[in-house]
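All residue numbers in this chain count up from 1 along the given sequence. Values below: every heavy atom of this structure, side chains too, minus hydrogens, waters and symmetry copies. All values reported here derive from a predicted model rather than from experimental measurement.
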Amino acid sequence: MAIWDGFARLQPVMASFGRERLEAGVAWLATVRSDGGPRVHPVSPKLAEGQLVVYMYPSSPKAHDLRRDPRFCLHATVENDAGGGGEFSVTGTASVIEDAPMRAAIMGGAERAAPYVLFALDIASALAITYRDGQPVRLRWP
């Protein structure tokens with residue numbers, strides 16, 4: 001597992017592509033429901049303080065899911081049905097960020113962070129897909 005900065009040092013090309021895709025808009029977070037089934041949620045991931053972070057209200061089903069079972073998959077939005085600028089996804093485990101100064105730094109102030117639970121996403125694997133002449137070109141880590 002690696003935090004975002006560690007992943008970026010190991011895979012700078014993938015991390016640059018991933019940053020571009022994650023910052024392009026909404027991403028989709030898959031979590032594990034209490035019955036073991038999948039659940040998918042729209043999120044706005046942040047890359048801050050060397051970490052990949054998602055934030056949500058404490059009452060959100062995704063927050064309950066991640067607290068119970070920290071496994072996730074995060075998939076960056078695809079621009080169109082032809083793959084647009086490509087796809088990027090990571091899998092791993094999430095952990096709650098409790099440290100108040102870190103929360104404030106990530107969210108741009110303590111007041112902005114206050115209503116949310118923040119999860120750091122530790123990366124176990126990553127997949128970047130671009131399309132050339134309609135054919136997928138895949139990069140995987142590890």
Side-chain angles (χ1 to χ4, degrees), residues 1-33 36-142:
M1 293 265 192
I3 66 168
W4 183 265
D5 272 2
F7 167 68
R9 279 191 298 279
L10 294 169
Q11 293 293 321
V13 172
M14 277 185 83
S16 177
F17 177 77
R19 177 180 289 277
E20 179 182 307
R21 298 308 313 141
L22 290 167
E23 292 177 344
V26 172
W28 297 95
L29 178 70
T31 60
V32 182
R33 296 184 323 215
R39 188 189 322 257
V40 178
H41 322 262
V43 294
S44 299
K46 295 179 84 54
L47 290 163
E49 300 300 310
Q51 299 187 67
L52 175 57
V53 176
V54 292
Y55 59 97
M56 61 212 62
Y57 288 110
S59 60
S60 167
K62 57 188 164 264
H64 296 300
D65 289 349
L66 290 173
R67 282 189 168 121
R68 188 191 61 265
D69 185 333
R71 295 175 296 166
F72 74 89
C73 179
L74 181 70
H75 187 276
T77 299
V78 179
E79 296 167 2
N80 56 44
D81 63 359
E87 301 176 50
F88 182 75
S89 64
V90 293
T91 65
T93 57
S95 58
V96 175
I97 299 171
E98 301 282 359
D99 181 71
M102 177 66 75
R103 289 171 47 81
I106 290 168
M107 296 301 290
E111 284 185 24
R112 289 182 47 101
Y116 301 112
V117 59
L118 279 65
F119 289 92
L121 303 182
D122 291 335
I123 302 166
S125 67
L127 173 64
I129 304 173
T130 55
Y131 295 88
R132 290 196 193 122
D133 300 322
Q135 298 300 310
V137 177
R138 294 175 178 87
L139 291 174
R140 296 179 191 275
W141 177 82

| task | For side chain to side chain contact (heavy atoms under 4.5 Å, CB included), just list the numbers for Val32 and Asp65, CA-CA rounded to whole Å, side-chain angles, deciding distance to a tenth of an Å, and then say yes or no. | result | CA-CA 6 Å; Val32 182; Asp65 289 349; 5.9 Å; no
| query | Just how far is it from atom CG of Leu74 to atom CZ of Phe119, taken to the nearest 0.5 Å? | reply | 13.5 Å
| Flag if over 12 foreign heavy atoms under 6.0 Å of CZ, Arg67 | yes
| field | Stepwise side chain to side chain contact (heavy atoms under 4.5 Å, CB included) check, Trp4 with Ile123 | value | CA-CA 7 Å; Trp4 183 265; Ile123 302 166; 3.6 Å; yes
| Looking at CG of Leu139 and CD of Gln11, how far apart are the two atoms once the value is rounded to the nearest 0.5 Å? | 8.0 Å
| said: Checking side-chain hydrogen bond (donor to acceptor under 3.5 Å, both in side chains) between Thr31 and each of His64, His41, Arg68, which is the one that passes? | reply: His41
| request: Could you tell me which non-hydrogen atom of Pro142 sits nearest to which non-hydrogen atom of Ala124, and how far apart they are? | output: CD-O, 3.4 Å
| request: Using a strict 4.0 Å threshold on nitrogen-to-oxygen distance, state whether Glu79 and Arg21 make a salt bridge. | output: yes
| message | Tell me whether the rings of Phe17 and Phe88 are parallel (<30°), tilted (30 to 60°) or perpendicular (>60°). | response | perpendicular
| query | From Thr91 OG1 over to His75 NE2, what is the distance, rounded to the nearest 0.5 angstrom? | reply | 12.5 Å
| For the atom pair CG (Leu52) and CZ (Phe7), what is the distance rounded to the nearest 0.5 Å? | 9.5 Å
| task | Locate the shortest heavy-atom distance separating Arg138 from Ile129; write the atom from each residue and the value. | result | CG-CG1, 3.9 Å
| message | How close do Leu66 and Arg71 get, counting heavy atoms only, and between which atoms? | response | CD2-O, 3.9 Å
| request: Please determine which of Leu10, Val90, Leu127 meets the side-chain contact (heavy atoms from CB on, under 4.5 Å) test together with Trp141. | output: Leu10
| How many angstroms lie between atom CD of Glu23 and atom OG of Ser44, to the nearest 0.5 angstrom? | 11.5 Å
| task | Keeping the roles fixed (side chain from Asp133, backbone from Gln135), state whether a donor-acceptor pair exists under 3.5 Å. | result | no
| note | Taken to the nearest 0.5 Å, the spacing of Phe72 CZ from Ser89 OG works out to 10.0 Å
| message | Under the criterion side chain to side chain contact (heavy atoms under 4.5 Å, CB included), I'd like the reasoning laid out for Arg103 against Asp99: C-alpha separation, chi angles, the key distance, then a yes or no. | response | CA-CA 6 Å; Arg103 289 171 47 81; Asp99 181 71; 5.8 Å; no
| query | How far apart are the closest heavy atoms of Leu22 and Ala27, and which atoms are they? | reply | CD2-CB, 4.4 Å
| Do you know the tightest heavy-atom contact between Pro58 and Ala63? | O-CB, 3.8 Å
| message | Can you confirm whether Pro61 sits close enough to Arg39 that some side-chain heavy atom of one is under 4.5 Å from a side-chain heavy atom of the other? | response | yes
| Are Tyr57 and Tyr116 close enough that their ring centres sit under 6.0 Å apart? | yes
| query | Closest heavy-atom contact between Pro38 and Arg33? | reply | O-NH1, 3.7 Å
| query | Is the side chain of Arg112 donor-acceptor paired with the backbone N or O of Met107 at a distance under 3.5 Å, no angle test? | reply | yes
| request: I would like to know whether Cys73 and Trp28 meet side chain to side chain contact (heavy atoms under 4.5 Å, CB included); could you show each step before the answer? | output: CA-CA 8 Å; Cys73 179; Trp28 297 95; over 6 Å; no
| said: Please identify which of these residues, Leu121, Asp122, Val53, meets the side-chain contact (heavy atoms from CB on, under 4.5 Å) condition with Ile3. | reply: Asp122
